[in-house]
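To start, the structure itself, in structure tokens.
Each chain gets a letter, A, B and so on, in the order the sequences are listed, and its residues count up from 1.
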Amino acid sequence: MKKGDHLFLVDGSGYIFRAYHALPPLTRKSDGLPTSAVLGFCNMVWKLTQDARNTDVGIVPTHFAVIFDYSSKTFRNDLYPEYKANRSAPPEDLIPQFGLIRQATRAFNLPCIETEGYEADDLIATYCRLACEASADTTIISSDKDLMQLVGPSVAMYDPMKDRQIGVPEVIEKWGVPPEKMIDLQALTGDSVDNVPGVPGIGPKTAAQLLEQFGDLDTLLARATEIKQDKRRESIIANADKARISRDLVTLKNDVPVNGGLDDFVLHPPDGPRLIGFLKTMEFSSLTRRVAEATGTEAADVKPVPVIIERADTAHGPDMGFGVPAAAESAAGTVTDEAGEAVPATVKVEPKQGDTPSLLSALRYEDATASKIDTSAYVSIRDTEVLKAWVAVAMEAGIVAFDTETNSADPMQAELIGLSIATAPGRAAYVPLAHKSGNGDLLGGGVVENQIPIREALATLKPLLEDRSVLKIVQELKYDLVVMSRHGIDIAPFDDTMLISYVLEAGTSGGHSMAALSEKWLGHSTIALKELAGSGRSFVGFDQVDIDKATAYAAEHADVTLRLWRVLKPRLAAKGLVSVYERLERPLVPVLARMEQRGISVDRQILSRLSGELAQGAARLEDEIYQLVGERINIGSPKQLGDILFGRMGLPGGSKTKTGQWSTSAQLLEDLAAEGHELPRKIVDWRQLTKLKSTYTDALPGFVHPDTKRVHTSYALAATTTGRLSSSDPNLQNIPVRTIEGRKIRTAFIADKGNKLVSADYSQIELRVLAHVAEIPQLKQAFADGADIHAITASEMFNVPVEGMPSEVRRRAKAINFGIIYGISAFGLANQLSIPREEAGAYIKKYFERFPGIRDYIDATKAYAREYGYVETIFGRRIHYPEIRSSNPSVRAFNERASINARLQGTAADIIRRAMIRMDEALEKAKLSGRMLLQVHDELVFETAEAEVEATIPVVRHVMENAAMPAVSMSVPLHVDARAANNWEEAH
DNA sequence: ACAGAAGCTTA
DNA sequence: GTAAGCTTCTGTT
């Protein structure tokens, strides 16, 4: 070894303990062998020997050795029998890792050094001296203070966990003394971990001050009487012997007899196949991949090598058996991402051949609920290197639960406050990013210290979140997808526990929120946000929440999400619902996330003009109403209105609501108006104008995003029982269309300059589904012919020709057709048509005579729902009706109607979902710029370049009309009407 | 400040 | 008769 050479000495034993406590646990997939310390070690060594420029050391070593303790008994025990006597046995899952790390060292083709009777620190001191004598530099890979006495001009330390170099200035900064005085300092302070006594009452601050004053330990002890503080003086005088003994214990021996010299430590390039053989055995797949790339080895050609695993009872004993690498993941423990690529999943309860999906479900359930959720056990990650270690473990595990914490429920506006991840049940961490110290300070408080900068944290997490071989598990994924997408991260592949629950349990009580699922499946109540951030007026942003509390809350989310996934995912297979989840639910999430992010342009000028007109109209009506009533009542109060109309004015035909109030429904007021009463007419008109104003023209401008200048609705995937989406904030699925006044609001929804809006909607999709599932020949024929379905129905029922049919006849048939979809009742039909119930009953009877298949369909659906407690769409989506067997006849009848409707509404919802999932790719393949913006149950709204309108419409129509294929070949054609215009009113 | 009822908008 | 969401009023907390 010569000048200019650089020796790296890794404190292997120290690293093991530090890694074990700092890193999240990881077990080998095939047999549960604990490996997190081994993985951390391998990652570190690989980085130090290959990517030195990526570390703070910044140097590629020429010589490299890993040093270990030989055993716990050393020469220091002869000096002081109590030395390290208070050390308890290492944790059980650490024991096998001691041997594995030595084997890892050899696999890296690195010297593995240990000598009986000496600690690793003594060997390090000895090699440091030898390197120094050869004028070479040394870096000690450790952060142990016991080694800091060695730091000097040619010797530095490097903390691999914090990616930090420790030189003379760092030692002084930390301990207040230069490295050469570290021995004296430790002699005074002692070390409770190693049971080095020191002087009681003297800590590092006092020790540094005394050494500053007296120079060194011997001088201090000789002149101890000069110390002013009584207690301190007496303690030092009384414990001088302990101080001397401590000095002997902490002084490293730099003349340990060693075999061979530093030249044995010359760093050789790794032996690719040998190293890969070891890494494969450990099942470190991502490191295997990196090593294979760097060494140009074909990893697939390398066989895993047997490794020796030591058990707890024979920590230093001989070979106790070979770790057998897993040949392949068993089917039940493997999840598949969209590309059909198998993604390995960590399986603690190992499924065996012959296990049924149901058995696996049961095992997983026991497993997930076996360990209690302890919110105090979570970790706050405040340091990039620690985050990297978690990322490495998640990479190897192939699975990670993830959650974001923000300051807003709106993902388009939310700022990221923190992130949480979980790698195994109970092992979760929170990464605070933007917490502020808000202790009531009028100045607003500053940013809390020791938070990883957002850019750095995201750069560290991006490779994990986008890695094709790591499954990300998220509750209500779409929110996080939008938030992370705004930070340039596209999470994939993924599972969404909310959607899994929705597929399994739609229609059962409780909903699919994390709180509900945790309660239901884990028997655990999650921390409520309002416990941390308050509610209402006292609500504070998540950035104001104390980090410890935020950690418990946020990491719990990741932990609960992971546990829920372990419970729920296997149930999909057990119940035959995997394809519903994988084809109808999961792929829709990124589609909707993109639609929400695009938003739609709204012309605020049009809305404000409409608001003015509506206000004028309403004001005029208000004056007229006050005139008629004789006083200024609150027209918006149904209570006051009812009292005036039916009490004071004594109008006829009043009825009561279920709370005993007079009903003032539009239907009832319309009837009164038809009898010539002036006031009810004006009230109905007033209500329409104020409704349009408050709900639409006044409210919509408030939803225009400050940056994008567009309106971004939020679609809920798991809010309805039938599989429909819902829209909120704002709801763009109930924009008026029926009245001329209402339609004007749609003119405010516009295409950007140079673009057009294209609206494409399914014609009579639910009736077509009915014709298909109930197999009604006349209806099928009518749809095949493109005929007027309601006219055909009327013609069949009333024996009148379609030609010249009175509109009232067609209207009644139309009402019956819709009635069927809604699970018809004579009561409902009578209400709808304002006819006696007997007459409505007669119509229904007639209808069933003409279309007996519909009665069969209704009876079969009721019977099925009663037997199974659920019904299914033609694509297998399951909708539960737990109350279908209720003894209450009206409850039972309601559930029967709902289940009849659910098959039709749900099937239609499935069809448009399938179209949406395929749409983006179809447009891209056709090289069209068209983008899907809105979904309104049977309608899709697009924005597309004006020049591409003609090319876009056929693509859109083709995707929508063929959406049921190839899963289901419908016996009725689907028909789509599509138009383009500058605004939604004209396009629709 | 919140919850429920009434009423109205959509498919 | 099915499925949703939003606003206003009203009474309670």
| message | For a 4.5 angstrom cut-off between non-hydrogen side-chain atoms, does Asp729(A) reach Asp410(A)? | response | no
| request: Indicate whether OP1 or OP2 belonging to dA6(B) is found under 4.0 Å from a side-chain N or O atom of Ser665(A). | output: no
| Looking at DNA chain C, which of residues 876-905 of chain A put a heavy atom within less than 4.0 Å of it? | Phe894(A), Arg897(A), Ala898(A), Asn901(A), Gln905(A)
| With a 4.5 Å heavy-atom cut-off, do Leu767(A) and Leu779(A) have their side chains touching? | no
| message | For Tyr843(A) together with Phe798(A), are the ring centres under 6.0 Å from each other? | response | yes
| task | Without swapping roles, check the side chain of Asp496(A) against the backbone of Glu476(A) for a donor-acceptor pair under 3.5 Å. | result | yes
| message | Could you report the tightest heavy-atom contact between Met916(A) and Met932(A), atom names first, then the distance? | response | O-CE, 3.6 Å
| message | Counting the atoms with a prime plus P, OP1 and OP2 as sugar-phosphate, which does Gly819(A) contact under 4.0 Å by heavy atoms, base, sugar-phosphate, or nothing? | response | base
| message | Quick one, Arg918(A) with Glu961(A), criterion salt bridge (Lys or Arg N to Asp or Glu O under 4.0 Å). Give me CA distance, side-chain angles, the key distance, then yes/no. | response | CA-CA 12 Å; Arg918(A) 294 171 183 178; Glu961(A) 290 184 342; over 6 Å; no
| said: In terms of relative ring orientation, are Phe818(A) and His790(A) parallel, tilted or perpendicular, with 30° and 60° separating the classes? | reply: tilted
| said: In the structure I gave you, are the side-chain heavy atoms of Ser899(A) and Ile884(A) within less than 4.5 Å of one another anywhere? | reply: yes
| query | Whole Å only: how far is the CD atom of Gln733(A) from the C1' atom of dC8(B)? | reply | 16 Å
| remark: Note: contacts of residues 734-745 of chain A with DNA chain B (heavy atom, under 4.0 Å) are Asn734(A), Ile735(A), Pro736(A), Val737(A), Arg738(A)
| query | Heavy atoms under 4.0 Å, any strand shown: does Ala666(A) hit a base, just sugar-phosphate, or nothing? | reply | sugar-phosphate
| task | Assign Asp761(A) to base, sugar-phosphate, or nothing according to its heavy-atom contacts below 4.0 angstrom with the strands shown. | result | nothing
| Segment of DNA chain C, first to last nucleotide, that comes within the 4.0 Å heavy-atom reach of chain A | dG1(C) to dG11(C)
| task | Residues of residues 821-848 of chain A with any non-hydrogen atom less than 4.0 angstrom from an atom of DNA chain C: list those, numerically ordered, please. | result | Tyr822(A), Ile824(A), Ser825(A), Phe827(A), Gly828(A), Leu829(A), Asn831(A), Gln832(A)
| task | Give the rounded distance in Å between these two atoms: CG of Leu641(A) and C1' of dA5(B). | result | 15 Å
| task | Quickly work out the Glu985(A) CD to dT10(B) C1' distance and round it to whole Å. | result | 16 Å
| query | Would you call Ser759(A) and Glu939(A) a side-chain contact if the rule is heavy atoms closer than 4.5 Å? | reply | yes
| Separation of dG4(B) P from Gln661(A) CD (nearest whole Å) | 18 Å
| task | Going by the side chain to side chain contact (heavy atoms under 4.5 Å, CB included) test, name the single residue among Val704(A), Ile750(A), Leu757(A), Asn983(A) that passes it with Ser601(A). | result | Ile750(A)
| For residues 678-699 of chain A, which residues have at least one heavy atom under 4.0 Å from DNA chain B? | Arg687(A), Gln688(A), Lys691(A), Tyr696(A)
| query | Do Asp938(A) and Gln764(A) have side chains that get closer than 4.5 Å, going by heavy atoms? | reply | no
| field | Rounded interatomic separation in angstrom, taking OH from Tyr715(A) and P from dA11(B) | value | 13 Å
| query | Mind checking whether Tyr581(A) and Leu499(A) have side chains closer than 4.5 Å, heavy atoms only? | reply | yes
| message | Are the side chains of Glu624(A) and Glu678(A) in contact, using a 4.5 Å heavy-atom criterion? | response | no
| task | May I ask you to establish whether Lys656(A) and Trp662(A) are in a cation-pi arrangement, using a distance under 6.0 Å from NZ or CZ to the six-membered ring centre and at most 45° from the ring axis? | result | yes
| said: For Arg687(A), give me all partners under side chain to side chain donor-acceptor pair (under 3.5 Å), at least two apart in sequence or on another chain. | reply: Thr664(A)
| request: Show the numbers, then the answer: is there a side-chain contact (heavy atoms from CB on, under 4.5 Å) between His975(A) and Arg768(A)? | output: CA-CA 9 Å; His975(A) 184 262; Arg768(A) 286 171 198 262; 3.6 Å; yes
